[in-house]
Engineer: 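Below are the structure tokens for one structure; questions will follow.
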Amino acid sequence: MFLKIVKNDFIRNKIVNISVFVFITMAVILAASATNIIANLIQSMSELQESAVPADITQMHSGQYDQEEIDQFTEEHRENIAMQETMVLLTFDGSNIHFDQNQTMAGTIQDISFVVQNKNFDFIVDLDNEKLDVTEGEVAVPIYFMQQYDLKIGDTITVKSGEYEKGFVISDYARDFEMNSSLTSSKRFVINQADYNEMLLKQAGELEYLIEFKLHENGDSQGLQTAYIEEGLPANGPTVGGKVFLLFNAMSDAAVAMVIILISILLIIIASLCIRLTFLATIDEDLREIGVMKAIGISKKAIKKVYLNKYRVMSVAAGITGYLCSSKSV
């Protein structure tokens, strides 16, 4: 009788049962996909951080500065500071960057800076997390701009500023731990030292500085930032900690994963409502069979178990199907 009831219920509510199965399957697929995105994100961020060796404190500055004062400050705080570098950025407006004949990057909200690779830390890397080594006449372009303007390796961008004009062949994508995220307002293009010196000589672009500190493992980041400000060192710009860059890098992909998880939860809620409504409707339709089971001494608990087991089996089957489908798609 139990099997007959379950069989009749499947036949009678075929569309509802199939819908519930599909909802649960899709929810599991989405949840598994979101989990996979988060796992890949964590691994990717860890590998990028290991290759890029980002700064623990970055002081952005525009205007005059004295490197000797910074060197002196570094020596005075060697108990916290492992390394110090100052990256000099040549910043251009988007209208100065030309590509694909008459197009420019004038519409961008990002600050565009041309830099030379650092020597000790805060490296800009390629898609394989290898430190970029750009030859003369070439440029490594941030992923953000490669995607936004549909640029490809081998394309040419031309920098025009006053008397300076030079074309650069795109040699690689630039992955920048500190400025890779679309949430940051600046992007760094990597060029060769010779091309950089030519820009400086012809006074192309505006000078800005990244005064960067790499701390010892147990270095006091907050205390060092306070000491830096108290000593009146160059600070015409925001101060950013390494954890903030990590957060910015993770937020974009993490937001996508969270949306997928929310959708999967919504599907599970819909499936649960379908199961509940179907269960109540089935009980009403099977009152005669339930009455017979009670008459022959079957307990209410056993009768309830008959109906619930069907949905348990369906949920497990849908879950396994969803998991297998997500595994194949990965």
Engineer: Less than 4.5 Å apart, any side-chain heavy atom of Leu132 and any of Asp172?
Structural biologist: yes
Engineer: Return the minimal non-hydrogen interatomic distance between Gly205 and Ser161, and the atom names on each side.
Structural biologist: N-OG, 3.7 Å
Engineer: Indicate the atoms forming the closest heavy-atom contact of Pro54 with Gln49, along with that distance.
Structural biologist: CD-O, 3.3 Å
Engineer: Quick one: are Asp93 and Asn96 in side-chain contact, heavy atoms under 4.5 Å?
Structural biologist: yes
Engineer: Indicate yes or no: at least one non-hydrogen side-chain atom of Leu90 is less than 4.5 angstrom from one of Leu207.
Structural biologist: yes
Engineer: Ion pair present between Asp122 and Arg188, side-chain N to carboxylate O less than 4.0 angstrom?
Structural biologist: yes
Engineer: What I'd like to find out is whether the side chain of Phe168 reaches to under 4.5 Å of the side chain of Thr156, using heavy atoms alone.
Structural biologist: no
Engineer: Does any non-hydrogen side-chain atom of Leu233 lie less than 4.5 Å from one of Asp66?
Structural biologist: no
Engineer: Main chain of Gly237, side chain of His61: is a donor-acceptor contact present, judged purely on distance under 3.5 Å?
Structural biologist: no
Engineer: Do the non-hydrogen side-chain atoms of Phe213 and Thr74 ever get within less than 4.5 Å of each other?
Structural biologist: yes
Engineer: Is there a donor-acceptor contact under 3.5 Å from the side chain of Lys187 to the main chain of Tyr144?
Structural biologist: no
Engineer: Phe99 pairs by side-chain contact (heavy atoms from CB on, under 4.5 Å) with which of Leu151, Thr104, Ile170?
Structural biologist: Leu151
Engineer: Does the side chain of Gln84 pick up a donor-acceptor pair with the side chain of Gln67 at under 3.5 Å?
Structural biologist: yes
Engineer: Is the shortest side-chain heavy-atom distance between Val159 and Phe92 below 4.5 Å?
Structural biologist: yes
Engineer: If you measure from CD on Glu208 to OG on Ser113, what distance do you get to the nearest 0.5 Å?
Structural biologist: 5.5 Å
Engineer: Please examine the side chains of Val125 and Glu130, heavy atoms only from C-beta on, and report whether any two atoms are closer than 4.5 Å.
Structural biologist: no
Engineer: At their closest point, which heavy atom of Ile229 faces which heavy atom of Ala235, and how far apart are they?
Structural biologist: CD1-CB, 4.0 Å
Engineer: Can you classify the ring geometry of Tyr65 versus Tyr209 as parallel (below 30°), tilted (30 to 60°) or perpendicular (above 60°)?
Structural biologist: tilted
Engineer: Applying ring pair (Phe, Tyr, Trp, His ring centres under 6.0 Å), run through Tyr196 and Phe114 and close with a yes or a no.
Structural biologist: CA-CA 8 Å; Tyr196 180 83; Phe114 284 75; 9.3 Å; no
Engineer: Looking at CG of Asp155 and OG of Ser171, how far apart are the two atoms once the value is rounded to the nearest 0.5 Å?
Structural biologist: 12.0 Å
Engineer: Using atom types as modelled and distance alone, determine if a side-chain donor or acceptor of Asn197 lies under 3.5 Å from a backbone N or O of Ala194.
Structural biologist: no
Engineer: Evaluate the criterion side chain to side chain contact (heavy atoms under 4.5 Å, CB included) for residue pair Ile81 and Lys214; output intermediate values, then yes/no.
Structural biologist: CA-CA 6 Å; Ile81 301 173; Lys214 188 68 179 174; over 6 Å; no
Engineer: Can you tell me if Ser46 and Glu50 form a side-chain donor-acceptor pair at under 3.5 Å?
Structural biologist: no
Engineer: Do the numbers put Lys202 on top of the ring of Tyr164, so that NZ or CZ is under 6.0 Å from the six-membered ring centre and no more than 45° off the axis?
Structural biologist: no
Engineer: Looking at Arg175 and Leu48, what are the two nearest heavy atoms and their distance?
Structural biologist: NH2-CD2, 3.7 Å
Engineer: Considering all heavy atoms of both residues, which atom of Ala55 and which atom of Glu212 are nearest to each other, and what is their separation?
Structural biologist: CB-CB, 3.8 Å
Engineer: Any chance you could lay out the side chain to side chain contact (heavy atoms under 4.5 Å, CB included) test for His216 and Asn80, step after step, and finish with the verdict?
Structural biologist: CA-CA 6 Å; His216 294 297; Asn80 290 314; 5.5 Å; no
Engineer: Whether Asp195 and Lys166 form a salt bridge (side-chain N of Lys/Arg under 4.0 Å from carboxylate O of Asp/Glu) is what I want to check.
Structural biologist: yes
Engineer: Rounded to the nearest 0.5 Å, what's the gap from CG on Asn118 to CG on Asn120? Could you check?
Structural biologist: 7.5 Å
Engineer: Considering non-hydrogen atoms only, spot the tightest contact between Gln110 and Phe145 and give its length.
Structural biologist: CB-CZ, 3.8 Å
Engineer: Do the side-chain N and O atoms of Thr91 and Glu206 include a donor-acceptor pair separated by under 3.5 angstrom?
Structural biologist: no
Engineer: Hey, does the side chain of Asp220 reach the backbone of Gly223 with a donor-acceptor pair shorter than 3.5 angstrom?
Structural biologist: yes
Engineer: Can a side-chain donor-acceptor contact be found between Asn192 and Thr135 if the only test is distance below 3.5 angstrom?
Structural biologist: no
Engineer: Ignoring hydrogens and angles, state whether a donor on the side chain of Gln72 or Glu76 is under 3.5 Å from an acceptor on the partner side chain.
Structural biologist: yes
